[in-house]
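Data first, discussion second: the structure below is written as structure tokens.
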Amino acid sequence: MSDYKEMWTSLGLDQQTHDAVLDLVGKTYQEMFLSQKNRPKGMEYFDFVVSEIHGLRIRELLDAKAEGRKVIGTFCVFVPEEIVLALNAVCVGLCAGAELGFEAAEEYIPRNTCSLIKSAFGFKLAKVCPYIEATDLIVGENTCDGKKKAFESYGDLVGNLYVMDLPQTKSEAGKALLKAEYLKFAAKLEELTGVELTVENLKKGIETVNNKRKAMHRLAELRAANPVPISGLDVLLANQVYFYDNPERFTASINAICDELEQRIANGEGVFPKDAPRILLSGCPMAVPNWKVPGVIENSGAIMVGEEMCTGERGFRNLTDDGANTVDELLDKIVDRYFEIDCAVFTPNKKRYDHIKEMVKKYKADGVLHYSIQFCQPYQIEAMSVEKNLEKEGIPVLSVDTDYSQEDMGQLKTRVEAFIERI
Ligand code: BJ8
């Protein structure tokens with residue numbers, strides 16, 4: 001670790017607060033992940049990744065920069081990684097999942113802003129995120145009102161923000177807007193990287209990201225088994241690491257875990273007993289180290305069998321078709337792929353309800369826990385429709401609103417335990 005101190009100082013981090021953050025992540029990880037029983041051996045890779053979360057990966061990013069590659073930070077699964085990779089840049093997710101620097105953040109955004117947005121400000125203001133500091137460009141997006149307005153002042157804070165406009169309806173006009181925005185984004189990145197989009201580099205970018213998604217599809221499908229061969233916490237962690245790890249190495253690690261899980265299934269081996277209650281998690285994204293609700297679920301004897309969220313199936317679900325012969329046609333294929341994302345900022349958003357039901361069936365879930373971050377209106381409002389829609393069909397739903405604090409742990413546990421009794 002002492003090895004990295006110099007690197008962190010050069011990035012302008014506040015050493016004391018940063019040490020405290022790493023300490024907290026390490027302790028929480030120990031309690032929630034390393035204490036699990038019968039974990040797949042392949043998860044050792046992710047233990048290593050988390051232990052090096054601000055170490056080795058940051059060094060890799062800085063090495064890439066020294067070779068002339070650019071680092072692009074993102075906050076949303078609408079940012080097309082295919083284009084970033086095609087232009088020889090590196091893509092890293094910047095969402096944070098801890099309550100840090102919130103008081104300072106409230107100088108910029110109101111107290112009743114969702115924790116995901118607040119932590120973006122908090123991590124920057126507290127000088128604890130080497131990913132933010134390593135970026136050449138940060139991409140914001142006009143999705144929910146909270147993000148859209150917050151990015152106005154976030155831009156002043158970070159100084160390298162680019163904001164992408166995004167549609168709010170699944171209409172032809174909406175699709176045309178997405179295409180126009182992806183064209184602008186590509187031009188911006190071409191200017192930044194000095195690389196031009198070609199059919200070859202775009203196809204290569206598509207292939208790399210699709211491989212990552214295919215590995216996640218494989219992992220997801222193995223969770224339909226009974227007993228389930230891997231905990232939901234471990235899969236959520238993989239989903240979180242998905243956003244900042246080297247894509248090829250990540251894909252290989254997930255495929256290695258899948259090989260191991262296939263063997264476990266053949267042996268009838270699981271992490272929880274056969275017939276343990278199965279829960280599908282649905283709702284807002286969960287960034288590292290936001291493991292509170294999953295931890296409560298799995299410590300109460302139920303197992304998570306799927307995540308209908310951007311750090312889950314909403315993020316990796318669709319592949320990009322590379323069957324085209326010009327850059328413009330390939331960009332159309334990319335637009336087609338991203339336009340399918342059923343984020344709650346879209347209206348109407350009926351397909352999301354259908355997808356939740358599909359996932360319940362596919363992963364044989366006994367119930368759905370809908371998770372909304374407090375003050376997230378799009379997901380809080382959709383939570384009510386999800387509940388009505390699913391309960392009508394006999395699928396039990398528990399809707400939970402929470403933030404990044406630990407204060408409601410007791411209350412959460414009581415509600416989750418009562419829900420598990422009901423399913
Ligand atoms: S595609 S879910 S990553 S916008 S939790 S900041 S919605 S108030 S994160 Fe998202 Fe893209 Fe949609 Fe996915 Fe606003 Fe809600 Fe906060 Fe949110």
Side-chain angles (χ1 to χ4, degrees), residues 72-81 91-99 102 105 108-123 138-154 161 163-170 174 177-178 181-182 185 213 236 239-240 242-244 281-288 290 292-293 307-318 334-335 337-349 351-352 355-356 370-384 386 399-404:
I72 313 300
T74 66
F75 285 105
C76 180
V77 297
F78 267 98
V79 178
E81 191 177 354
C91 202
V92 287
L94 296 180
C95 292
E99 195 176 40
F102 275 23
Y108 292 82
I109 44 176
R111 195 192 58 80
N112 57 348
T113 304
C114 94
S115 300
L116 205 66
I117 299 174
K118 250 193 215 176
S119 61
F121 281 78
F123 273 58
I138 296 180
V139 188
E141 10 68 43
N142 294 338
T143 41
C144 62
D145 283 354
K147 273 191 182 178
K148 185 167 66 188
K149 295 308 288 180
F151 280 130
E152 291 174 11
S153 39
Y154 196 70
L161 184 74
V163 179
M164 186 184 275
D165 200 13
L166 286 182
Q168 310 241 310
T169 59
K170 296 285 173 81
L177 170 66
L178 192 62
E181 285 299 316
Y182 282 2
F185 178 59
R213 294 173 182 140
L236 173 64
N239 272 303
Q240 293 171 329
Y242 178 100
F243 290 95
Y244 62 87
L281 195 59
S282 169
C284 291
M286 291 177 172
V288 175
N290 179 7
K292 180 169 81 171
V293 172
E307 295 76 31
E308 188 280 319
M309 40 182 54
C310 289
T311 42
E313 232 176 271
R314 197 183 312 122
F316 63 67
R317 180 181 171 203
N318 300 305
I334 292 176
V335 170
R337 188 261 164 206
Y338 284 84
F339 204 59
E340 289 298 312
I341 298 173
D342 44 15
C343 169
V345 301
F346 279 88
T347 182
N349 197 28
K351 276 194 173 169
R352 177 169 169 235
H355 184 222
I356 299 173
H370 190 284
Y371 161 81
S372 307
I373 301 181
Q374 230 166 48
F375 309 120
C376 169
Q377 285 188 337
Y379 282 92
Q380 284 179 315
I381 293 174
E382 282 201 358
M384 304 183 100
V386 168
S399 179
V400 164
D401 274 18
T402 186
D403 57 13
Y404 287 177

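Atoms within a ligand are numbered from 1 in the order they appear, just like the ligands themselves.
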So if I count the atoms of ligand 1 from 1 in the order they appear, which ones are less than 4.0 Å from some heavy atom of [X]?
X: Cys343; result: 1 (S), 2 (S), 4 (S), 12 (Fe)
X: Thr143; result: 4 (S)
X: Cys310; result: 1 (S), 2 (S), 3 (S), 13 (Fe)
X: Phe78; result: 1 (S)

Got a second to check how far [X]'s [atom1] is from [Y]'s [atom2], nearest 0.5 Å?
X: Arg314; Y: Ser282; atom1: CZ; atom2: OG; value: 6.5 Å
X: Met286; Y: Asn239; atom1: CE; atom2: CG; value: 11.0 Å
X: Tyr371; Y: Glu308; atom1: OH; atom2: CD; value: 13.5 Å
X: Phe185; Y: Glu141; atom1: CZ; atom2: CD; value: 11.0 Å
X: Arg213; Y: Tyr242; atom1: CZ; atom2: OH; value: 5.0 Å

- Message: Would you call the rings of Phe339 and Phe346 parallel, tilted or perpendicular, taking 30° and 60° as the class edges?
- Response: perpendicular
- Just the protein N/O/S atoms under 2.8 Å from atom 16 (Fe) of ligand 1, please, no waters.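 Near atom 16 (Fe) of ligand 1, below 2.8 Å, one finds Cys114 SG.
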- Is the shortest heavy-atom distance from the side chain of Phe375 to the side chain of Pro110 under 4.5 Å?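 Not in contact.
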- At under 4.0 Å between heavy atoms, which part of Cys95 makes contact with ligand 1: side chain, backbone, both or neither? neither
- Side chain, backbone, both or neither: which part of Cys76 comes within less than 4.0 Å of ligand 1 when only heavy atoms are counted?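 It is both parts that get close, each with some atom under 4.0 Å.
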- Item | From Lys351, Arg317, Arg352, residue fulfilling salt bridge (charged side-chain N to carboxylate O under 4.0 Å, His left out) relative to Asp342 | Arg317
- Donor-acceptor contact present, side-chain Tyr154 to main-chain Ile117, <3.5 Å: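 Answer holds: no.
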